[in-house]
Amino acid sequence: MSRVLMIGAGGVATVAAYKIAQNADVFTEFMIASRRKEKCDALVEAIHAKGYTLEIRTAAVDADDVEQLKALFDSYKPELCINLALPYQDLTIMDACLQCGVNYLDTANYEPRDVAHFEYSWQWAYKERFEQKGLTAILGCGFDPGVSGVFTAYAARHHFDKITHLDIVDCNAGNHHKAFATNFNPEINIREITQKGLYYEGGQWIETEPLEIHLPLTYPNIGQRESYLMHHEELESLVKNYPSIRRARFWMTFSQQYLTYLDCIQNLGMSRIDEIEYDAPRADTGEKVKVKIVPLQFLKAVLPNPQDLGENYDGETSIGCRIKGVKDGAEHTYYIYNNCSHQAAYKETGMQGVSYTTGVPAMVGAMMFLKGIWRKPGVWNVEEFNPDPFLEQLSCQGLPWHEVFDGDLEL
C-alpha cells in the first residue's frame, strides 16, 4: 500500500497522473491537489474516461502557504509528496513535508519570484533536516534535470572509469502551429531562456550573454538544428558528484521564429518580472484606478496554454547526454538519448511531448521511492541513486532510450 499526494494540475502533472493511474499496483492511494480543485476534478474525470479505475481524491491548496499545506498533509497523511507546482513553491512544500513527516520529490529546483535565478543551494541546505527526520527528498526528477542525471550516472557506472566532458543536448523538433507559444509554463520558460548562460570548465563557472554561444548539432531521426548554450541546474549537481568532469555544458534548440518573438518580448519590456503600475478603467464606471501587474505574468495570461498545444503538435523531441571519458586507459565517447513523439504523447495523455518527457520520469522516480530502491534520509539529486532500475522502468513506461558508442559528438 502507498499513499501519494501530487501538488499541481498542469501539463506535467497531467502526464504524471495518467502514468500513476496506469501503475495502480504501486500507487494504491492517490490525491491531486492544486490551487483550483475544479482543475484537479477535470483531470480525474479525463483519466477515468480513458478507462483507468484507480480511485483519485482531489483537494484545493495554496502551495505558497505552509499552514494550508500542513493541514492537507495532516488530513491525508501521504507517504510521498510529488511537487509538480511552480519552482517558487519548492521551499514552502519542503517546509511542510519536514513538519508533517512526508517524503518529497520534485522536477525543478527552487527559484525566487523576484529574480530570474535558480540554483540548488537553497534546497541542499535542507539536507541535515531531512536526515534528522529520516525523510527522503529527491530533487530534479524530470527529464532535464532528471533523466539527464540518470543517464550520466549510468554512463559512469557501466562505461567509464572517469567522465571528463559532458554535454546535455535538448532538441524540440516539433511544430505546434502557433505563431509563438512555450512548451511549459510561459513565466518559468521565458525567465529561464532570457537569463545569462553558464557552463563549467577547468574548475570554474563561465558566464555568457543569453544565447550568445550556439552551433549546429545533429539529432537522431531529426537532423541538424541550431543549438544554444544555456544555464541549466543539473550541471551544478553533476560536476559536484562527478569531480572528474573538466567541462560540462547544456544546449537547447530554438527556431529562428521563436527567437524573433522572444527578442520582441524583451525589447517591449514584456519579460520584466518586477511590478509596474498603470491606470486601468473600471468595468462599471470607466473611472481610472491604479493597478499593479508583473508584465511577464500578464504575457503568460495571453499566450497559448501549454496544456492546449498537444492536439496539433507534430514532430518529436530528442534529449540526451554526449559524454567523453576514459575506460581502461583509453578515451571513448558515448551518447545516450531518448526521442519522444508529440502525437504519441498526446494520444496517450492529451499532452504534448515536453510535458510527457517530464511527467513520466517524475512518476518513475516516485515508483523508485515507493519500492524502496531510491530511499535514504537526506536531500539527493537523482544521479546519487542507482540508475539501472530507473532506466529499466523508463523504457517500460513510454520513454525508451538508445546508445551510440564511440561516435562523433560534434562538440
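Atom set for the values below is all heavy atoms of this structure, side chains included, hydrogens, waters and symmetry mates excluded.
- A donor-acceptor pair under 3.5 Å is absent between the side-chain atoms of Glu79 and the main chain of Leu370, judged by distance alone.
- Of the possible donor and acceptor atoms, one in the side chain of Trp401 sits under 3.5 Å from a partner among the backbone N and O of Leu391.
- Of all non-hydrogen atoms in Gly149 and Leu238, the two that sit nearest each other are CA-CD2, 4.0 Å.
- No side-chain heavy atom of Phe151 sits under 4.5 Å from any side-chain heavy atom of Ile323.
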Any chance you could lay out the side-chain hydrogen bond (donor to acceptor under 3.5 Å, both in side chains) test for Glu403 and Tyr334, step after step, and finish with the verdict? CA-CA 7 Å; Glu403 300 169 290; Tyr334 176 67; 2.6 Å; yes

Could you check Trp122 against Asn109 for side-chain hydrogen bond (donor to acceptor under 3.5 Å, both in side chains), going step by step and ending with a plain yes or no? CA-CA 9 Å; Trp122 289 290; Asn109 70 359; over 6 Å; no

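- Of the possible polar contacts, one joining the Gln352 side chain to the Ser355 backbone as a donor-acceptor pair under 3.5 Å is found.
- Listed here is the closest heavy atom pair of Cys40 and Ala9: SG-CB, 4.2 Å.
- Arg322 places a side-chain N or O within 3.5 Å of a backbone atom of Leu409 that can act as its donor or acceptor partner.
- A distance-only check finds no donor-acceptor pair linking the side chain of Glu234 to the backbone of Gly140 [under 3.5 Å].
- Checked for salt-bridge contact, Arg157 and Glu383 miss the test: no charged N lies under 4.0 Å from a carboxylate O.
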For His342 and Tyr346: C-alpha separation, side-chain torsions, deciding distance, then whether ring-ring contact (aromatic ring centres under 6.0 Å, His included) applies. CA-CA 6 Å; His342 287 291; Tyr346 176 73; over 10 Å; no

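- Once rounded to the nearest 0.5 Å, the distance linking CZ of Phe250 with CG of Leu166 reads 10.5 Å.
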Just do the side chain to side chain contact (heavy atoms under 4.5 Å, CB included) check on Met252 and Tyr228 with the steps written out, would you? CA-CA 5 Å; Met252 185 174 282; Tyr228 295 79; 5.8 Å; no

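- Taking the six-membered ring for Trp and thresholds of 30 and 60 degrees, Tyr335 and Tyr337 have ring planes inclined between 30 and 60 degrees apart.
- Summarising the geometry, atom CH2 belonging to Trp205 is positioned 10.5 Å from atom CD belonging to Glu119; distances are rounded to the nearest 0.5 Å.
- Panel note: side chain Arg249, backbone Leu229; no donor-acceptor pair is recorded below 3.5 Å.
- Tested against Phe369, the residues Thr136, Ile82, Val364, Leu105 include a single side chain to side chain contact (heavy atoms under 4.5 Å, CB included) partner, Thr136.
- Within the 3.5 Å criterion, the main-chain N or O of Phe130 finds no donor-acceptor partner in the side chain of Lys133.
- Closest non-hydrogen pair, Pro361 versus Gly142, comes out as CB-O, 3.0 Å.
- Looking at Cys171 and Ile222, their side chains come closer than 4.5 Å, going by heavy atoms from C-beta outward.
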side-chain hydrogen bond (donor to acceptor under 3.5 Å, both in side chains) between Asp64 and Tyr88, worked out: CA-CA 8 Å; Asp64 290 317; Tyr88 315 139; over 6 Å; no

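- Contact of the Ile93 side chain with the Ile7 side chain is registered, since non-hydrogen atoms from C-beta on lie closer than 4.5 Å.
- Residues Leu84 and Ala362 come closest through the heavy atom pair CD2-CB, 4.3 Å.
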CA sep, side-chain torsions, deciding dist, call: Asn103, Leu135, side chain to side chain contact (heavy atoms under 4.5 Å, CB included): CA-CA 5 Å; Asn103 299 282; Leu135 297 172; 3.7 Å; yes

Which is it for Gln22 and Glu348 under the side-chain hydrogen bond (donor to acceptor under 3.5 Å, both in side chains) test, yes or no, and what are the steps along the way? CA-CA 11 Å; Gln22 291 172 15; Glu348 182 184 348; 2.9 Å; yes

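- Within a 6.0 Å sphere centred on NZ of Lys162, other residues, nucleotides and ligands contribute 12 heavy atoms or fewer.
- With Ser2 contributing its side chain and Val26 its backbone, the two residues share a donor-acceptor pair below 3.5 Å.
- Going from atom CH2 of Trp251 over to atom CG of Asp170 covers 13.5 Å, rounded to the nearest 0.5 Å.
- Between Ile20 and Phe27 there is a side-chain heavy-atom pair separated by less than 4.5 Å.
- The aromatic rings of Phe385 and Trp374 sit parallel to each other, their planes meeting at less than 30°, with 60° as the upper class boundary.
- Thr164 places no side-chain N or O within donor-acceptor distance of the main-chain N or O of Arg246, the cut-off being under 3.5 Å.
- Between Tyr76 and Glu29, the shortest heavy-atom contact is OH-C, 3.4 Å.
- Around the CD atom of Glu277, the shell of radius 6.0 Å holds more than 12 heavy atoms that belong to other residues, nucleotides or ligands.
- Other residues, nucleotides and ligands contribute more than 12 heavy atoms inside 6.0 Å of the CD atom of Gln132.
- Atom CG of Asp95 is separated from atom OH of Tyr126 by 3.5 Å, given to the nearest 0.5 angstrom.
- Judged purely by atom type and a 3.5 angstrom limit, Asn221 has no side-chain atom pairing as donor or acceptor with the backbone of Asn339.
- Salt-bridge formation is detected for the pair Asp167/Arg247: a Lys NZ or Arg NE/NH1/NH2 atom is positioned less than 4.0 Å from an Asp or Glu carboxylate oxygen.
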Worked check of side chain to side chain contact (heavy atoms under 4.5 Å, CB included) between Val102 and Leu5: CA-CA 10 Å; Val102 178; Leu5 169 64; over 6 Å; no

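- Ion pairing between a basic and an acidic side chain is recognised when a charged N comes within 4.0 Å of a carboxylate O; Lys196 and Glu209 show such pairing.
- Looking at Asp41 and Lys37, a side-chain N of the basic residue comes within less than 4.0 Å of a carboxylate O on the acidic one, giving a salt bridge.
- Considering only heavy atoms from C-beta on, Phe143 stays 4.5 Å or farther from Tyr356 through its side chain.
- Separating the CD1 atom in Ile336 from the NE2 atom in His402 is a distance of 10.0 Å, to the nearest 0.5 Å.
- Distance CZ/Phe254 to CD1/Ile193: 4.0 Å, rounded to 0.5 Å.
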Kindly determine whether Phe390 and Ile373 satisfy side chain to side chain contact (heavy atoms under 4.5 Å, CB included), including the steps that lead there. CA-CA 9 Å; Phe390 181 98; Ile373 301 168; over 6 Å; no

